[in-house]
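Take a look at the structure below.
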Amino acid sequence: MASDPPTARAFALERLLIGLIRRVPDTRSAVLLSSDGLVKAAHGLDTDRADHLAALASGLCWLGRSAGVRLCDGGTVRQVVVELDSALLFVSTVDAGASLAVLTGPTADPTVLGFEMATLVASARPHLAPPLRRTPTGTAAVRS
């Protein structure tokens with residue numbers, strides 16, 4: 001599935017991702033993705049890898065939701081962490097199914113990263129709201 005084309009929103013979101021990566025040592029890349037797994041913004045990855053990470057993150061969130069429903073009487077997935085030999089992958093939910101995926105090296109501090117991810121999520125929410133659409137008459141605006 002291809003990424004959304006770049007927009008002013010995507011550039012604003014990418015600036016947020018760049019800030020997170022700069023503030024957390026050993027952080028490699030980050031992707032903000034929609035509820036359907038499409039890249040909304042990415043930094044530190046080429047387009048193909050960003051799309052791949054978005055698909056992985058979307059699947060991890062789905063698995064977390066499934067585990068919550070089947071094993072824990074529901075609940076919202078807040079974070080999924082995957083520890084690999086040479087990397088850590090953190091996926092946090094944003095709003096309405098959107099997620100933030102961050103790939104770090106093995107020495108990244110999860111506490112600092114968690115704080116920075118929470119801060120980014122709060123800052124990203126206004127940029128992730130659906131754009132206003134005009135009605136066929138062009139007079140009123142509605143959220144999609």
Notebook entry, point to check: Donor-acceptor pair, Thr119 side chain versus Phe115 backbone, under 3.5 Å?
Noted result: yes
Notebook entry, point to check: Knowing that exactly one of Ile18, Thr27, Leu20 qualifies, which makes a side chain to side chain contact (heavy atoms under 4.5 Å, CB included) with His43?
Noted result: Ile18
Checklist line | Where Ala50 and Val39 come nearest, the two heavy atoms and their spacing | finding: O-CG2, 3.5 Å
Next item on the list: Spell out, as yes or no, whether a donor-acceptor pair under 3.5 Å connects the side chain of Ser34 to the backbone of Leu38.
Entry: yes
Item checked: Taking every non-hydrogen atom, the tightest pair across Gly105 and Arg28 -> CA-NH2, 3.5 Å
Next item on the list: Only counting residues at least two apart or in another chain, list the ones meeting side-chain contact (heavy atoms from CB on, under 4.5 Å) with Ser92.
Entry: Gln79, Met117
Notebook entry, point to check: Thr107 and Asp26: side chain to side chain donor-acceptor pair (under 3.5 Å), yes or no, with the steps?
Noted result: CA-CA 6 Å; Thr107 64; Asp26 204 21; 2.7 Å; yes
Margin query: Let's go through Val91 and Cys61 carefully: what are the C-alpha distance in whole Å and the side-chain angles of both, what is the deciding distance for side-chain contact (heavy atoms from CB on, under 4.5 Å) to 0.1 Å, and is it a yes or a no?
Written below: CA-CA 8 Å; Val91 182; Cys61 285; 3.5 Å; yes
Check: Looking at residues at least two apart in the chain, or sitting in another chain, which of them share a side chain to side chain donor-acceptor pair (under 3.5 Å) with Thr111?
Finding: none
Next item on the list: Measure the CZ-CG distance between Arg49 and Leu56 for me, rounded to the nearest 0.5 Å.
Entry: 11.5 Å
Item checked: Val121 with Val81, same ILVMFWY side-chain cluster at under 4.5 Å -> yes
Notebook entry, point to check: Backbone N or O of Ser66 within a donor-acceptor pair of the Arg70 side chain at under 3.5 Å?
Noted result: no
Next item on the list: For residues Leu53 and Leu45, determine if any side-chain heavy atom of one lies less than 4.5 Å from a side-chain heavy atom of the other.
Entry: yes
Checklist line | Beyond-backbone contact of Thr104 with Val24, side-chain heavy atoms, under 4.5 angstrom | finding: no
Margin query: Assess the residue pair Leu60 and Val82 against the criterion (side-chain contact (heavy atoms from CB on, under 4.5 Å)); give the C-alpha distance rounded to whole Å, side-chain angles, the decisive distance to 0.1 Å, and a yes or no.
Written below: CA-CA 9 Å; Leu60 288 170; Val82 178; 3.9 Å; yes
Notebook entry, point to check: Mind checking whether Leu71 and Val77 sit in one hydrophobic cluster, side chains of I, L, V, M, F, W, Y counted as touching below 4.5 Å?
Noted result: no
Checklist line | Donor-acceptor contact below 3.5 Å, side chain Ser58 vs main chain Ala54 | finding: no
Item checked: Separation between CG of Leu16 and CG of Leu32, rounded to the nearest 0.5 Å -> 7.5 Å
Next item on the list: For residues Pro106 and Leu88, determine if any side-chain heavy atom of one lies less than 4.5 Å from a side-chain heavy atom of the other.
Entry: no
Note to self: Are there over 12 heavy-atom neighbours, none belonging to Asp73, within less than 6.0 Å of that residue's CG?
What the structure shows: no
Next item on the list: Would you give the length of the straight line joining atom SG of Cys72 to atom CZ of Arg65, rounded to the nearest 0.5 angstrom?
Entry: 14.5 Å
Check: When hydrophobic residues are tied together by side-chain contacts of less than 4.5 Å, even through go-betweens, does Leu63 share a cluster with Phe90?
Finding: no
Notebook entry, point to check: Can you tell if the side chain of Leu100 reaches within under 4.5 Å of the side chain of Leu17, non-hydrogen atoms only?
Noted result: yes
Next item on the list: Provide the closest heavy-atom pair for Ile21 versus Ala30 in the form atom of the first, atom of the second, distance.
Entry: CD1-N, 3.8 Å
Notebook entry, point to check: Does Arg78 CZ have over 12 foreign heavy atoms under 6.0 Å away?
Noted result: no
